[in-house]
Amino acid sequence: MLAWTTDPGAPGGLTLGEVPEPAPLPHELLVQVEAFAPNPGDLAALDGAPAGSIPGWDGAGAVLEPAADGLGPQAGERVLFLGLAAQGWAQRRAVPHASTAVAPAEASPEHLATLPVPATSALRAVRRLGAVLGRRVLIVGGTSAVGRFAVQLAARSGAQVIAIARDESRHGELRALGAAEVHATLAGVTRPVHGAIDMIGGQHLVDAYALLEQGGTVIALGHAAGADEHFPYGAFVADPATSDRSITSFFLGTEPGLPAEMALLAADGALDAGPIDVQPWTELAAWVEGGAARGAGRVVLRVDHAPRPR
Ligand SMILES: NC(=O)c1ccc[n+]([C@@H]2O[C@H](COP(=O)([O-])OP(=O)(O)OC[C@H]3O[C@@H](n4cnc5c(N)ncnc54)[C@H](OP(=O)(O)O)[C@@H]3O)[C@@H](O)[C@H]2O)c1
């Protein structure tokens with residue numbers, strides 16, 4: 001089969017070529033990959049990956065062979081999957097059934113490929129804030145893939161959502177997704193919040209913490225700014241209005257239950273993944289080499305299964 005493998009000397013550090021077929025373990029399915037969507041984490045992992053390894057977490061396709069242990073989706077079912085052990089930028093992959101969910105047959109692989117890491121991260125982060133009904137919830141990085149889903153899921157949960165996005169041309173989009181307020185920076189937020197989900201880090205995390213009401217939590221989910229966090233003296237000195245505030249770290253893969261969550265999100269026809277820029281998978285290396293620009297939406301690579309011309 002064909003797969004992209006890491007190759008430090010090649011454009012984008014990737015080469016498309018023949019590799020051995022996957023050999024699923026008893027708890028793994030063999031799937032035909034129809035579309036995949038690179039995440040920032042995939043791209044960040046490229047540099048440290050051993051040469052010749054197949055990158056790629058999220059994707060969607062169809063089950064070719066169910067897992068030998070009999071669990072999980074069955075042959076022919078449409079699925080979406082998340083494999084934190086990579087191997088996804090390939091025509092076929094083995095993936096654990098604990099990271100695979102059945103999707104509606106009519107859902108497009110391109111849409112499904114945008115969901116695994118971003119949408120399940122958003123769902124788990126919103127849940128971690130506890131009951132948000134009628135409470136102010138800050139989403140820092142509203143235009144990020146995770147942020148877009150977090151805005152929608154928090155708003156549906158009854159939160160009064162305050163989204164932060166530096167690109168003001170996209171504020172209307174975030175309001176349409178359910179944000180009650182949208183600001184370019186955290187300086188625009190004038191009243192305390194119950195909780196925050198931060199995709200950006202750096203000064204954003206420091207400022208989000210300062211906005212918490214008593215008992216509030218910031219979920220430090222992402223670190224897109226790549227910047228240090230410096231808390232000023234007094235940030236952790238509490239009075240009755242600011243006691244019991246916390247910052248918690250987050251890793252998607254720490255809890256069980258992904259199949260049910262991914263299935264729920266895949267079946268949710270109202271969940272808006274935003275614009276999708278579908279490209280042939282042969283363009284992957286050129287896209288990475290060019291800086292992996294996201295534009296206004298997700299880049300999704302459509303995998304070709306046609307026989308190669310001789
Ligand atoms: N812990 C976990 O398990 C987990 C799971 C999923 C994601 N993550 C992390 O969460 C973050 C977001 O992931 P994603 O897939 O949603 O990313 P994404 O779609 O690539 O979006 C990145 C966002 O960061 C913004 N941004 C980048 N640099 C910035 C800066 N200096 N100041 C302000 N905004 C900045 C971008 O704003 P523009 O739209 O204006 O460009 C964009 O909204 C990443 O760090 C990712 O690694 C962690």
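Within the model, atoms OG of Ser157 and CZ of Arg135 stand 12.5 Å from one another, a figure rounded to the nearest 0.5 Å. A distance of 8.5 Å separates CD1 in Ile162 from CG in Leu211, rounded to the nearest 0.5 Å. The distance from atom CZ of Arg148 to atom CZ of Arg298, rounded to the nearest 0.5 Å, is 11.5 Å.
Here the side chain of Thr114 pairs no donor or acceptor atom with the backbone of Ala273 at under 3.5 angstrom. The main-chain N or O of Ser53 is never found under 3.5 Å from a side-chain atom of Trp4 such that the two would form a donor-acceptor pair.
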Using the side chain to side chain contact (heavy atoms under 4.5 Å, CB included) rule, take Thr120 and Leu115 through it: C-alpha gap first, then chi angles, then the decisive distance, then the call. CA-CA 7 Å; Thr120 51; Leu115 301 178; over 6 Å; no
Just do the salt bridge (Lys or Arg N to Asp or Glu O under 4.0 Å) check on Glu181 and Arg136 with the steps written out, would you? CA-CA 10 Å; Glu181 290 176 38; Arg136 287 167 59 80; 3.0 Å; yes
The test is side-chain hydrogen bond (donor to acceptor under 3.5 Å, both in side chains); show your working for Thr5 and Thr15 and say whether it passes. CA-CA 5 Å; Thr5 55; Thr15 301; 5.2 Å; no
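No side-chain donor from either of Glu173 and His171 sits under 3.5 Å from a side-chain acceptor of the other.
Screening residues 20-31 for side-chain hydrogen bond (donor to acceptor under 3.5 Å, both in side chains) gives Glu21-Arg92 as the qualifying pairs, with residues at least two apart or on separate chains. Residues in residues 223-241 take part in these side-chain hydrogen bond (donor to acceptor under 3.5 Å, both in side chains) pairs, two or more places apart or across chains: Asp239-Thr242.
Phe236 meets the ring-ring contact (aromatic ring centres under 6.0 Å, His included) test with Tyr209, Phe231; sequence neighbours excluded.
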